[in-house]
2 protein chains.
Amino acid sequence: MSVSESKKKDTSTEEKIKSAAKTVFYNKGFAATRTRDIAEEAGLNLALLNYYFRSKAKLFEIIMSETFVGFISGMKVILNDEGTSLEEKVKIIAERYIDFIIKEPEIPTFILTEIRNNPDGLLKRLPIREIVNESVFIKQFQEAVEKKEISEPNPLHFLMNLLGLVVFPFIAKPIIMGSRNLETEQFNNLILERKKKIPIWIKAMFTAV
Amino acid sequence: MSVSESKKKDTSTEEKIKSAAKTVFYNKGFAATRTRDIAEEAGLNLALLNYYFRSKAKLFEIIMSETFVGFISGMKVILNDEGTSLEEKVKIIAERYIDFIIKEPEIPTFILTEIRNNPDGLLKRLPIREIVNESVFIKQFQEAVEKKEISEPNPLHFLMNLLGLVVFPFIAKPIIMGSRNLETEQFNNLILERKKKIPIWIKAMFTAV
DNA sequence: AAAATATTTAATCATTTGATTAAAAAATTT
DNA sequence: AAATTTTTTAATCAAATGATTAAATATTTT
């Protein structure tokens, strides 16, 4: 494939629609999104949407799948790395996910609200159960509990706290920004501080005294 | 007002509509809710909705206001109590909010998603700025920082972490329940454990060594 | 270049959905 | 009990919205 071909594909109509759909779906959710919003965002005729993707639902399905896979699949790899300690895993998750979400800050709210509207359908696709039940992380956690290095026996609390610390500020972003009249840059700086702080906080929370 | 009158009012058509609207709006959000869903949930004719509340938007407005006030106003009182220490405030917030949300678990997601869809309009109504900038809590926090009892100088991190630990599990509820095939009761037990744990975690995170 | 195929557009359809209306029924007042 | 007011219902409207179609344009293949 030539350079011009690949460039052409990047900005092809199909890609334009997908990109516009992402933007609109992320910000408004499925129900509040009009197909006309997507067409307008893409600068294209409405009929192209159905020409390329057959229906709003199908298009959404594609966006959602890609988003979920992009968000969660990395997690599985990190949590199954035999070469990193528990502490290192926390560090890597905090850093990578904060960087990832800063680039696409609407994703957490998007995922959580769309799962609310269709829990069964979407959850089947995500390897959450494997992560929580069979991962290297879980083994390491249980070992640490046995060695009394960790005071909390339930790994679910550990994961909830870690993900909560990482993700919650993005979900509450409008409230946080409104509470102190922050601009996006200030908000992002606040969040970036947390890349270093979260691993320290988690360590303080869970290491047995 | 007689007993029968008050009982009648509790189950009056207007109350039935409000109650049904709460249920449907909480679970699906404004955009995904059809006025017909509300009428059906209430077991009433669709036209009654407009007869009593004039429009879907007006009805939503009422539900939302009541929900927001109920959720946040208590917080302001707790954080402005001169008679409780920082540590006690954390304990009270964790306990009260977990009890509150267990009764209406959809509220956090409802609030956060509806704020996303209309940040300016709704945030004006909430006394977030006063809480974060002028509360007794803030004074106590700053004193503790000066006395080097607390290592983290920014109260926003403290509040984000506290609220994140309390609220995030409810937002991620479908994922958490799906991850281990939990029933609602098991999920609630997991959450109830956190009433005691969160104050301990917060203390561990923030007390200077 | 001609033919065939793929893409795009404008117009239109059918359904959904928020809202209204006029009449019926119920409750309240006189 | 009659008159009046309030509440409820069934039918319908109008706008929004997802989707389709047929024709026009562009691209690719022969």
Side-chain angles (χ1 to χ4, degrees), chain A residues 1-65 113-114 117-118 121, chain B residues 1-65 113-114 117-118 121:
Chain A
M1 188 187 286
S2 76
V3 174
S4 69
E5 267 171 331
S6 77
K7 194 185 170 192
K8 190 179 167 191
K9 186 152 192 211
D10 285 347
T11 56
S12 72
T13 301
E14 202 173 331
E15 282 304 315
K16 270 191 215 155
I17 293 172
K18 270 180 71 173
S19 166
K22 253 191 196 176
T23 302
V24 183
F25 281 138
Y26 283 0
N27 282 294
K28 312 223 262 179
F30 178 78
T33 295
R34 317 291 131 190
T35 52
R36 283 163 177 81
D37 300 338
I38 298 174
E40 197 189 352
E41 173 78 26
L44 294 168
N45 189 290
L46 169 63
L48 290 170
L49 247 145
N50 296 294
Y51 177 73
Y52 280 102
F53 296 96
R54 199 170 152 70
S55 76
K56 177 190 176 187
K58 290 251 169 54
L59 175 55
F60 178 76
E61 168 71 26
I62 289 167
I63 301 295
M64 206 177 47
S65 273
T113 60
E114 297 307 332
N117 295 337
N118 183 4
Chain B
M1 190 188 284
S2 74
V3 174
S4 69
E5 268 171 330
S6 77
K7 193 184 171 192
K8 190 181 168 191
K9 186 151 192 215
D10 284 349
T11 56
S12 72
T13 301
E14 203 172 331
E15 283 303 316
K16 269 190 217 157
I17 292 172
K18 271 180 70 174
S19 166
K22 252 191 197 175
T23 303
V24 183
F25 280 139
Y26 282 1
N27 282 294
K28 312 222 260 182
F30 178 79
T33 294
R34 317 291 131 191
T35 52
R36 282 162 177 82
D37 300 338
I38 298 174
E40 196 189 355
E41 172 78 24
L44 295 169
N45 189 291
L46 168 63
L48 290 170
L49 248 149
N50 296 293
Y51 177 72
Y52 281 102
F53 296 96
R54 199 168 152 71
S55 75
K56 177 190 176 187
K58 290 250 169 52
L59 175 55
F60 178 76
E61 169 70 26
I62 289 167
I63 301 296
M64 209 179 45
S65 273
T113 60
E114 296 307 330
N117 295 337
N118 183 6

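Per chain, numbering begins at 1; letters A, B, ... match sequence-line order.
- D/dG18 atom P lies 13 Å from atom CZ of A/Phe60, rounded to whole Å.
- For the atom pair A/Arg34 CZ and A/Leu46 CG, the distance stands at 13.0 Å (nearest 0.5 Å).
- Listed nucleotides D/dA19, C/dT8, C/dT9 differ in distance to A/Leu46; the shortest reach to its side chain belongs to D/dA19.
- Comparing B/Arg36 and B/Glu14 along DNA chain D, the residue whose closest nucleotide (by nearest heavy atom) sits nearer the 5' end is B/Glu14.
- When the side-chain nitrogen and oxygen atoms of A/Thr35 are compared with OP1 and OP2 of D/dA19, none of them lie within a distance under 4.0 Å.
- Atom CD1 in A/Ile17 sits about 13 Å away from atom C1' in C/dT9, given to the nearest Å.
- For the pairing with B/Glu41, the side chain to side chain contact (heavy atoms under 4.5 Å, CB included) check across B/Asn27, B/Val24, B/Thr33 returns one residue only, B/Val24.
- Note on A/Leu49: nothing from the nucleic acid sits closer than 4.0 angstrom, heavy atoms only.
- Taking 4.5 Å as the limit, some side-chain heavy atom of A/Phe53 sits within range of a side-chain heavy atom of A/Lys18.
- Across C/dT8, D/dA10, C/dT20, the shortest atom-to-atom separation from the side chain of B/Asn45 is found for D/dA10.
- Taking atom NZ on A/Lys56 and atom P on D/dT20, their separation rounds to 15 Å, with Å as the unit.
- Residues A/Phe60 and A/Glu114 form a side-chain contact, since some pair of their non-hydrogen atoms from C-beta on lies under 4.5 Å apart.
- If you measure from atom CZ of A/Arg54 to atom P of D/dT21, you get 10 Å, rounded to the nearest angstrom.
- Counting non-hydrogen atoms under 4.0 angstrom, A/Phe53 reaches nothing in the nucleic acid.
- Rounded to an integer number of Å, the gap from CG of B/Leu48 to C1' of C/dT20 is 13 Å.
- Distances were taken from every side-chain heavy atom of B/Ala47 (C-beta onward) to each of C/dG18, C/dT9, D/dT9; the shortest belongs to D/dT9.
- Nucleic acid contact for A/Leu44: none, since no nucleic acid atom lies under 4.0 Å from a heavy atom of the residue.
- Side-chain atoms of B/Tyr51 lie closest to D/dT7 of the nucleotides C/dA10, D/dT7, C/dA19.
- Counting to the nearest Å, the C1' atom of C/dA19 and the CG atom of B/Leu59 are 14 Å from each other.
- Taking atom CG of A/Asn50 as the reference point, atom P of C/dC13 lies 17 Å away to the nearest angstrom.
- Two residues, A/Arg34 and B/Tyr52, neighbour DNA chain D, and the one matched to the more 5' nucleotide by heavy-atom proximity is B/Tyr52.
- In this structure, A/Lys56 forms a cation-pi arrangement with A/Phe30, its terminal cationic atom sitting closer than 6.0 Å to the ring centre and no more than 45° off the ring axis.
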